[in-house]
Asker: 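Please read through the structure below; I'll follow up with questions.
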Amino acid sequence: MSEKSKIKNVYLNYLKEKSELEELILECGRELEQLEEKISLDKDSYNKLRIFSPRQNMRLEEDVIKESKERSDELIEKMNSYKRKLSEVENNIKAIEQIREKVKAQSGVEILSMNENDRKRIARDLHDSIIQNMVYLIHKVEYASKFIDQDPTRAKLELNIVTKNLKDVIQEMRDLVYDLHPMNFDDLGFETTLMDFFSNVSHTSSMEVSYEIQMKYEQYNQLILITLFRIIQECCNNAIKHSKGKKLSVLLKEEKEFLILKVQDDGTGFSESDLEDKDMKHFGLKIVQERVSFLSGNFYINSSEEGTVIKIEIPIESD
């Protein structure tokens, strides 16, 4: 369970305890009122009866009223004890609320950090691939223009190469847009988008892809589902780019209070120090960790020469 979930559970337990203590104090108060009314009625009754048997009724009055007063003192002590405990609980609630505000503020910083990291990655992808290809194509067009009069055939061949490369650039742009937001997610939903992704990975990569999905999509909101899709997408893409493996498996299932995601490959693996490497070789996994933390989840990774296993636990919010 994440720290955020633990804090929330402690907070809810304190609220429940506060409500119970307030109810106990009210019950003590109601019983005290009834005792005071009873003592008053008893005094009136015995005052009227004293004229018939003063000594006997006085002893009876003292015994009954004494018993009521002892119960009254007991209730007052119990109520004061409840009030002291209530005061402690209220102080704890205030302390937890301050912690939750700090966590909320930290989450805001993390969101900004992730957005900035996403921008850096997009900028890097544009610069390293698309922009460089566009610069190359400009040179090819300029080169073809030199032969347009002297050697039209050669110029035509060069322009054909430019056309083919432009189509490749357009496809790269489409892939980048898809990474930013799958267009069919809004229209077709999580399940279809995920199946399309696995189908595309199977056709475009050399890895053998298998997957098993066991979850009720309808109980999750769109923000959680798109975040979950991005996590799966990033884990798979990272395995395809870096693992050099032959097999990739994805398991997504509901298990008790958690949604479990397990992505496994049989590649070469990597060390923990690689995750902290400044060349951002595994930058995608850092993004995954951030996204998991936003869902109050847990991120585990086990990598060796036999392959890499990424396990993610996302708590299922109950109504």
Asker: So how far is it from F299 CZ to I231 CD1, rounded to the nearest 0.5 Å?
Answerer: 9.5 Å
Asker: Under a single-linkage definition using a 4.5 Å side-chain heavy-atom cutoff for Ile, Leu, Val, Met, Phe, Trp and Tyr, are I170 and I138 assigned to the same hydrophobic cluster?
Answerer: no
Asker: As an exercise, state the distance from CD of E212 to CG of L252, rounded to the nearest 0.5 Å.
Answerer: 10.0 Å
Asker: Would you mind checking if R30 and E33 are paired as a salt bridge, meaning a charged N to carboxylate O distance below 4.0 Å?
Answerer: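 Judged by the 4.0 Å cut-off on N to carboxylate O distance, E33 and R30 do not form a salt bridge.
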Asker: Donor-acceptor pair, E254 side chain versus K216 backbone, under 3.5 Å?
Answerer: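 Yes; judged by distance alone, with no hydrogens or angles, the pair exists.
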Asker: So N302 and K311, side-chain contact (heavy atoms from CB on, under 4.5 Å) or not? Walk me through it.
Answerer: CA-CA 8 Å; N302 183 16; K311 184 180 178 182; over 6 Å; no
Asker: Is the number of heavy atoms from other residues, nucleotides or ligands under 6.0 Å of M134 CE greater than 12?
Answerer: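 No - once you tally the heavy atoms of other residues, nucleotides and ligands closer than 6.0 Å, there are 12 at most.
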Asker: Between CD1 of I226 and CD of Q233, what distance do you get to the nearest 0.5 Å?
Answerer: 8.0 Å
Asker: Which atom pair, heavy atoms only, marks the closest approach of P315 to L295?
Answerer: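 In this case the closest contact between P315 and L295 is CD-O, 3.6 Å.
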Asker: How many angstroms lie between atom CG of L285 and atom CG of N237, to the nearest 0.5 angstrom?
Answerer: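 Taking CG in L285 and CG in N237, the distance rounds to 11.0 Å.
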Asker: Apply side-chain contact (heavy atoms from CB on, under 4.5 Å) to residues V162 and K140 and explain how you reach the verdict.
Answerer: CA-CA 7 Å; V162 170; K140 294 292 286 184; 3.5 Å; yes
Asker: Can any side-chain N or O of S205 pair as donor or acceptor with the backbone N or O of V201 at less than 3.5 Å?
Answerer: yes
Asker: Verify, without hydrogens or angle tests, whether D266 (side chain) and K247 (backbone) share a donor-acceptor contact under 3.5 angstrom.
Answerer: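 Yes; at least one donor-acceptor contact below 3.5 Å.
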Asker: Are L24 and L86 close enough that some pair of their side-chain heavy atoms sits under 4.5 Å apart?
Answerer: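 Sidechains of L86 and L24: no contact.
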Asker: How close do M207 and S243 get, counting heavy atoms only, and between which atoms?
Answerer: CE-OG, 3.8 Å
Asker: If I compare all heavy atoms of T268 with all of H242, which pair ends up nearest, and what's the gap?
Answerer: OG1-O, 4.2 Å
Asker: Decide if atom NZ of K83 counts as having more than 12 heavy atoms of other residues, nucleotides or ligands within a radius under 6.0 Å.
Answerer: no
Asker: Within the side chain of S145, is there an N or O that forms a donor-acceptor pair under 3.5 Å with the backbone of E142?
Answerer: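 Yes; judged by distance alone, with no hydrogens or angles, the pair exists.
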Asker: Please check: side-chain N/O of S19 versus main-chain N/O of L15, any donor-acceptor pairing under 3.5 Å?
Answerer: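 Judged by distance alone, no pair lies under 3.5 Å.
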Asker: State, with a plain yes or no, whether a side-chain heavy atom of Y143 is found less than 4.5 Å away from one of R154.
Answerer: yes
Asker: Apply side-chain contact (heavy atoms from CB on, under 4.5 Å) to residues V250 and C236 and explain how you reach the verdict.
Answerer: CA-CA 8 Å; V250 178; C236 291; 3.7 Å; yes
Asker: Just wondering, are more than 12 heavy atoms of other shown residues or ligands nearer than 6.0 Å to CD in E306?
Answerer: no
Asker: Given side-chain contact (heavy atoms from CB on, under 4.5 Å), test N133 with D168 step by step and report yes or no.
Answerer: CA-CA 9 Å; N133 285 338; D168 292 338; over 6 Å; no
Asker: For the pair F229 and F197, name the ring-plane relationship: parallel under 30°, tilted 30 to 60°, perpendicular over 60°.
Answerer: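 Aromatic pair F229/F197 classed perpendicular.
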Asker: I need the minimum non-hydrogen distance between G269 and S303, along with the two atoms involved.
Answerer: CA-OG, 3.1 Å
Asker: Between E36 and Q34, is there a side-chain donor-acceptor contact under 3.5 Å, judged purely by atom types and distance?
Answerer: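 No, no side-chain donor-acceptor contact under 3.5 Å.
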Asker: Tell me, with the steps shown, if E31 and R71 meet salt bridge (charged side-chain N to carboxylate O under 4.0 Å, His left out).
Answerer: CA-CA 10 Å; E31 190 171 347; R71 176 58 182 163; 2.9 Å; yes
Asker: Is a salt bridge present between E17 and K85, judged by a nitrogen-to-oxygen distance below 4.0 Å?
Answerer: yes
Asker: Say whether, by atom type as modelled, one donor and one acceptor occur between the side chain of N200 and the main chain of D196 under 3.5 angstrom.
Answerer: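 Checked: no pair found.
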Asker: Would you call R84 and E77 a salt bridge, using N to O less than 4.0 angstrom?
Answerer: yes
Asker: Looking at CG of N238 and CD1 of I310, how far apart are the two atoms once the value is rounded to the nearest 0.5 Å?
Answerer: 6.5 Å
Asker: In terms of hydrophobic clustering (I, L, V, M, F, W, Y; side-chain heavy atoms under 4.5 Å; direct or indirect links), are L32 and L26 co-clustered?
Answerer: no
Asker: Sub-3.5 Å donor-acceptor pair from the side chain of T193 to the main-chain atoms of G189, do we have one?
Answerer: yes
Asker: Counting N and O atoms only, with roles assigned by atom type, does the side chain of N91 sit under 3.5 Å from a partner on the main chain of S87, one being a donor and the other an acceptor?
Answerer: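 Looks like yes, one N/O pair under 3.5 Å.
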Asker: Report the distance from atom CD1 of I232 to atom CG of L194, rounding to the nearest 0.5 Å.
Answerer: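 Rounded to the nearest 0.5 Å, the CD1-CG separation comes out at 5.0 Å.
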Asker: What closest approach, in Å, do P152 and D149 show between heavy atoms, and which atom pair accounts for it?
Answerer: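 P152 and D149 have their closest heavy atoms at CD-O, 3.9 Å.
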Asker: Shortest non-hydrogen contact from I312 to I314?
Answerer: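 Here I312 and I314 meet closest at CG2-CG1, 3.9 Å.
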